[in-house]
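The next block holds one structure in the form of structure tokens; read it before the comments.
Residue numbers run from 1 in the order of the sequence given.
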Amino acid sequence: MLTIRSAIASDVSVLKTMIYEFAAFERLPVSITEADLLRDGFGGKSKFRVLMAEWDGQPAGYAFFFDYYSTFAGRPGLFLEDIYVRDQYRGKGIGKGLLCRVASVAREESCFGVRWQVLDWNTPAIDFYRKLGAEFMDEWKTVTLEGTAFQSVAEDAA
């Protein structure tokens with residue numbers, strides 16, 4: 001049986017474990033710590049929200065999201081940073097349940113919608129999102145500024 005609930009501070013350890021599992025699946029580096037999660041998600045001013053999915057009381061997945069604002073829509077939206085279901089729980093509707101709950105939160109908060117990214121090689125996820133009617137914004141490119149380039153550009157602001 002599926003249960004989806006808001007994460008609490010005592011979930012940080014299992015959340016971190018699942019984030020590392022997800023990073024391994026996506027073949028991406030990860031360095032987040034429990035202290036990072038506690039500070040940024042469960043302190044005075046949370047920078048993100050997390051929904052935890054449990055299957056028969058066992059941690060099965062999570063959705064990690066945060067607020068942003070669209071100047072073009074003139075309304076807030078939610079950015080879904082991660083949606084992850086552990087391998088042994090896939091095919092049970094957990095991913096759809098998490099995404100539906102995030103969409104429900106967005107609707108309750110008068111957001112225009114939910115946005116997220118998917119790696120181009122993750123065809124099962126792409127197929128899943130297409131079945132839900134998600135729009136792919138292929139003309140947009142994701143851009144990141146980090147590391148030494150980030151430091152250099154930030155220093156130029158002074």
(message) Going by the rule side chain to side chain donor-acceptor pair (under 3.5 Å), which residues pair with Thr142 if we only count those two or more places apart in sequence or in a different chain?
(response) Gln117

(request) Using a 4.5 Å cut-off on heavy atoms from C-beta on, say whether the side chain of Arg90 contacts that of Asp87. (result) yes

(request) Say whether Leu119 and Leu132 are linked into one hydrophobic cluster, either directly or through other cluster members, by side-chain heavy-atom distances under 4.5 angstrom. (result) no

(message) Is it true that, when you exclude Trp121 itself, more than 12 heavy atoms of the residues, nucleotides or ligands shown sit nearer than 6.0 Å to its CH2?
(response) yes

(message) Between Leu78 and Glu109, is there a side-chain heavy-atom distance shorter than 4.5 Å?
(response) yes

(message) Hydrophobic cluster membership, with links at side-chain heavy-atom distances under 4.5 Å among I/L/V/M/F/W/Y: are Leu80 and Phe48 in one?
(response) no

(request) Could you grab the distance from atom SG of Cys100 to atom CZ of Arg107, nearest 0.5 Å is fine? (result) 10.0 Å

(request) First locate atom CZ of Phe42, then atom CZ of Arg49, and finally report the distance between them rounded to the nearest 0.5 Å. (result) 12.0 Å

(message) Within the 4.5 Å heavy-atom criterion, are Met137 and Arg115 side-chain neighbours or not?
(response) yes

(message) Is there a path of hydrophobic side-chain contacts, each under 4.5 Å between heavy atoms of I/L/V/M/F/W/Y residues, joining Val50 to Phe66?
(response) yes

(request) Flag the pair Arg5 and Asp11 as a salt bridge only when some basic side-chain nitrogen lies within less than 4.0 angstrom of an acidic carboxylate oxygen. (result) yes

(request) Measure across Val102 and Ala63 and return the closest heavy-atom pair with its distance rounded to 0.1 Å. (result) CG2-CB, 3.8 Å

(message) My understanding is that only residues two or more places apart in sequence, or in another chain, count here; which of them pass ring-ring contact (aromatic ring centres under 6.0 Å, His included) with Phe65?
(response) none

(request) Starting at CG of Leu15, measure out to CG of Leu37 and round the result to the nearest 0.5 Å. (result) 5.0 Å

(request) Give a yes or no on whether the backbone of Ser110 and the side-chain of Arg75 come within a donor-acceptor separation of less than 3.5 Å. (result) yes

(message) Grouping I, L, V, M, F, W and Y whenever their side-chain heavy atoms are under 4.5 Å apart, do Val14 and Val30 come out in a common cluster?
(response) yes

(message) In terms of relative ring orientation, are Phe112 and Tyr68 parallel, tilted or perpendicular, with 30° and 60° separating the classes?
(response) perpendicular

(message) Less than 4.5 Å apart, side chain to side chain, heavy atoms only: is that true for Met18 and Val85?
(response) no

(request) Over 60° means perpendicular and under 30° means parallel, so classify the ring planes of Phe22 and Tyr84, tilted if in between. (result) tilted

(request) Kindly determine whether Leu51 and Tyr62 satisfy side chain to side chain contact (heavy atoms under 4.5 Å, CB included), including the steps that lead there. (result) CA-CA 5 Å; Leu51 295 174; Tyr62 70 95; over 6 Å; no

(request) Mind checking the CD1-CD spacing from Ile4 to Glu54? Nearest 0.5 Å is all I need. (result) 10.0 Å

(message) If you compare all heavy atoms of Gly61 against all heavy atoms of Leu98, which two are closest, and at what distance to 0.1 Å?
(response) C-CD1, 4.2 Å

(request) Mark yes or no: Lys131 above the aromatic ring of Tyr129, with NZ or CZ under 6.0 Å from the six-membered ring centre and no more than 45 degrees from the axis. (result) no

(request) Please check if atom OH in Tyr69 has more than 12 non-hydrogen atoms from other residues, nucleotides or ligands closer than 6.0 Å. (result) yes

(message) I'd like to know whether Phe128 forms a side chain to side chain contact (heavy atoms under 4.5 Å, CB included) with Lys96, so could you lay out the CA-CA distance, the side-chain angles of the two residues, the decisive distance to 0.1 Å, and finally the verdict.
(response) CA-CA 9 Å; Phe128 169 67; Lys96 184 176 182 184; 3.9 Å; yes

(message) Using the rule that Ile, Leu, Val, Met, Phe, Trp and Tyr join whenever any side-chain heavy atoms are under 4.5 Å apart, tell me whether Leu99 and Leu2 fall into a single cluster.
(response) yes

(request) Would you kindly check if the NZ (Lys) or CZ (Arg) of Arg130 is within the cone defined by 45 degrees around the ring axis of Phe136 and under 6.0 Å from the six-membered ring centre? (result) yes

(message) So, taking the atom named CD1 in Ile19 and the one named CD1 in Ile32, what distance separates them when rounded to the nearest 0.5 Å?
(response) 4.5 Å

(message) Could you measure the distance from the NZ atom of Lys47 to the CG atom of Asp36? Nearest 0.5 Å is fine.
(response) 12.0 Å

(request) Could you give me the CA-CA distance, side-chain angles and deciding distance for Phe25 and Asn122, then say whether side chain to side chain contact (heavy atoms under 4.5 Å, CB included) is met? (result) CA-CA 10 Å; Phe25 170 78; Asn122 192 347; 3.6 Å; yes

(message) Which heavy atom of Ala106 sits nearest to which heavy atom of Gly113, and what is that distance?
(response) CB-O, 4.2 Å

(request) Before giving the answer on side chain to side chain contact (heavy atoms under 4.5 Å, CB included), spell out for Ile94 and Trp55 the whole-Å C-alpha distance, their side-chain angles and the decisive distance to 0.1 Å. (result) CA-CA 8 Å; Ile94 296 170; Trp55 188 265; 3.8 Å; yes

